[in-house]
Amino acid sequence: MNIEHLKLFVRIASTANISLAGRELNISPAVASAHIGKLEDTLGVRLIHRTTRKVSLTDEGKQFLPHAQEVLDSIETAQAAVGSGAQTPQGTLRVTAPASFCRMHLVPAINEFLKQYPKLNIDFRFSDSILDVVEGGFDVAIRDAELKDSNLHAKKLADDKRIIVASKSYIEENGAPQTPADLKNHKIVNLTGLEVWDFKGSHGTISIKTPNHLRMDNGEAVRDACIEGCGLTLTATWCSYPYLENGELVQVLHDYPLATDCALWAVYPTNRLLAPKVRAFIDYLAERFSGTPYWDEKLSGIVA
């Protein structure tokens with residue numbers, strides 16, 4: 001099986017475009033199409049659907065993608081281990097991450113990382129939906145949730161502290177809730193999928209299904225609506241720390257911390273023969289966010 005054909009297939013899966021994938025690997029569209037044809041002949045299955053408008057993976061292509069990526073990662077790791085080929089991470093690193101966290105904290109940090117590894121390219125997919133790491137052919141996923149998928153290996157980057165907040169104008173107009181039960185009398189701005197809020201109480205967990213006065217699928221949009229006085233919201237400190245620091249948002253229900261076990265994780269399909277580019281990226285993030293993250297340092301004395 002030709003390694004260059006595997007590289008091309010992985011890039012087509014990422015770009016959904018044979019010509020673009022070919023240009024990235026310095027081959028013409030005609031040659032790229034021929035290479036994929038040869039790979040399909042070798043495997044005896046069709047890997048991609050070709051139409052005049054787009055390219056998509058067949059079911060067999062989707063099943064083959066993670067194996068192709070693992071072969072390429074294994075070759076890169078083996079070369080680095082014996083001093084052959086790349087001595088430093090190179091190639092393309094495919095990363096999926098929450099849109100809000102990535103925009104606020106990864107994008108400002110990425111230039112420093114790329115300066116350390118000039119032969120490395122990064123292909124980000126920003127989404128507040130959890131994308132399948134293996135099926136999507138991603139090297140790394142950043143997740144801000146409880147880690148439940150036992151098929152993934154993970155490294156914890158930082159605690160994901162969450163609190164309930166409101167704008168000063170909302171509190172002046174509506175008052176602040178004194179207990180979780182009071183939430184039913186308030187307007188709530190929810191992030192899609194986080195409508196049930198679990199609090200730590202003196203006699204165990206208190207679960208409150210909050211009313212959806214306003215619901216959105218983006219954390220920054222939820223935060224901004226809260227700043228505008230649309231209602232109370234549950235937010236991560238990494239998302240709202242500048243506005244808590246300047247007083248536009250204030251914490252409520254201090255005596256009822258949320259009963260969450262969330263953290264920021266770097267997850268990846270396997271820790272066997274971990275590619276140098278993956279290890280370098282995870283180590284960089286772990287060092288950057290180690291200890292008390294800078295966003296929580298700024299909130300010392302401001303939030304409970």
Side-chain angles (χ1 to χ4, degrees), residues 1-79 85-86 89-99 102-103 106-107 110 114 119-143 149 151-152 217-218 267-270 272-278 281:
M1 191 175 297
N2 190 300
I3 298 304
E4 296 305 315
H5 295 175
L6 290 181
K7 289 180 180 178
L8 175 63
F9 169 68
V10 169
R11 292 310 301 149
I12 291 173
S14 175
T15 62
N17 188 303
I18 293 178
S19 297
L20 177 58
R23 285 199 298 271
E24 290 184 2
L25 298 175
N26 296 316
I27 57 179
S28 69
V31 172
S33 184
H35 283 353
I36 288 299
K38 290 179 181 178
L39 179 59
E40 290 177 326
D41 289 343
T42 299
L43 294 171
V45 297
R46 183 172 293 279
L47 296 173
I48 62 175
H49 292 297
R50 301 169 176 83
T51 70
T52 56
R53 293 190 174 186
K54 66 177 183 178
V55 170
S56 61
L57 297 186
T58 63
D59 289 341
E60 291 80 6
K62 292 176 182 177
Q63 293 173 7
F64 182 62
L65 178 60
H67 300 290
Q69 185 64 66
E70 186 171 355
V71 169
L72 296 177
D73 288 344
S74 297
I75 291 172
E76 181 182 339
T77 302
Q79 289 175 327
Q90 65 175 339
T92 298
L93 179 71
R94 299 194 69 234
V95 182
T96 176
C102 208
R103 191 192 70 80
L106 291 190
V107 171
I110 209 63
L114 290 175
K119 295 183 178 180
L120 187 62
N121 306 311
I122 298 182
D123 183 354
F124 273 122
R125 291 292 183 272
F126 298 167
S127 175
D128 284 331
S129 299
I130 294 179
L131 303 182
D132 188 285
V133 178
V134 175
E135 184 177 320
F138 295 106
D139 298 300
V140 185
I142 307 302
R143 292 192 173 160
D149 192 337
N151 294 319
L152 298 174
D217 64 354
N218 178 273
V267 302
Y268 45 98
T270 178
R272 180 175 60 86
L273 295 176
L274 191 62
K277 63 186 178 184
V278 177
F281 184 68

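The shown structure was predicted, so the numbers you read here are calculated from the model rather than taken from an experiment.
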Quiz item: Does some side-chain heavy atom of N17 sit less than 4.5 Å from a side-chain heavy atom of V55?
Solution: no

Quiz item: Measuring from F281:CZ to L93:CG, what's the distance to the nearest 0.5 Å?
Solution: 6.0 Å

Quiz item: Can you list the steps and then say if F124 with L106 is a side-chain contact (heavy atoms from CB on, under 4.5 Å)?
Solution: CA-CA 10 Å; F124 273 122; L106 291 190; 4.2 Å; yes

Exercise. List the steps, then state whether side-chain contact (heavy atoms from CB on, under 4.5 Å) holds for L39 with L6.
Key: CA-CA 8 Å; L39 179 59; L6 290 181; 4.2 Å; yes

Quiz item: If only atom types and distance count, is the side chain of T92 paired as donor or acceptor with the main-chain N or O of I122 below 3.5 Å?
Solution: no

Quiz item: V95 and D139: side-chain contact (heavy atoms from CB on, under 4.5 Å), yes or no, with the steps?
Solution: CA-CA 6 Å; V95 182; D139 298 300; 5.8 Å; no

Quiz prompt | Nearest heavy-atom neighbours spanning A21 and I12 | solution = CB-CG1, 3.6 Å

Practice problem: Might you confirm whether atom CZ of R125 has over 12 heavy atoms from other residues, nucleotides or ligands at distances under 6.0 Å? | Solution: yes

Quiz item: When you measure from the side chain of T15 to the backbone N and O of L20, does any donor-acceptor pair fall under 3.5 Å?
Solution: no

Exercise. Could you give me the CA-CA distance, side-chain angles and deciding distance for I3 and L72, then say whether side-chain contact (heavy atoms from CB on, under 4.5 Å) is met?
Key: CA-CA 8 Å; I3 298 304; L72 296 177; 3.7 Å; yes

Quiz item: Roughly how far, to the nearest 0.5 Å, is NZ of K62 from OG of S56?
Solution: 7.5 Å

Practice problem: Starting at CG of L8, measure out to CD1 of I18 and round the result to the nearest 0.5 Å. | Solution: 7.5 Å

Exercise. Return each pair, listed once, that meets salt bridge (Lys or Arg N to Asp or Glu O under 4.0 Å) where at least one residue sits in residues 10-30; pairs must be two or more places apart or across chains.
Key: R11-E24, R11-D123

Practice problem: Would you name the heavy atoms of C102 and F126 that are closest together and state the gap between them? | Solution: SG-CE2, 2.8 Å

Quiz item: Shortest non-hydrogen contact from R50 to R46?
Solution: NH1-NH1, 3.1 Å

Quiz item: Atom CG of L47 and atom OG1 of T58: how far apart are they, to the nearest 0.5 Å?
Solution: 5.5 Å

When the side chains of residues 26-36 are checked against the rest of the protein, which donor-acceptor pairs come out under 3.5 Å, sequence neighbours left out?
residue: S28; atom: OG; partner: V31; partner atom: N; Å: 3.2
residue: H35; atom: ND1; partner: H5; partner atom: NE2; Å: 3.4

Quiz item: How many angstroms lie between atom CG of L57 and atom CZ of F9, to the nearest 0.5 angstrom?
Solution: 5.0 Å

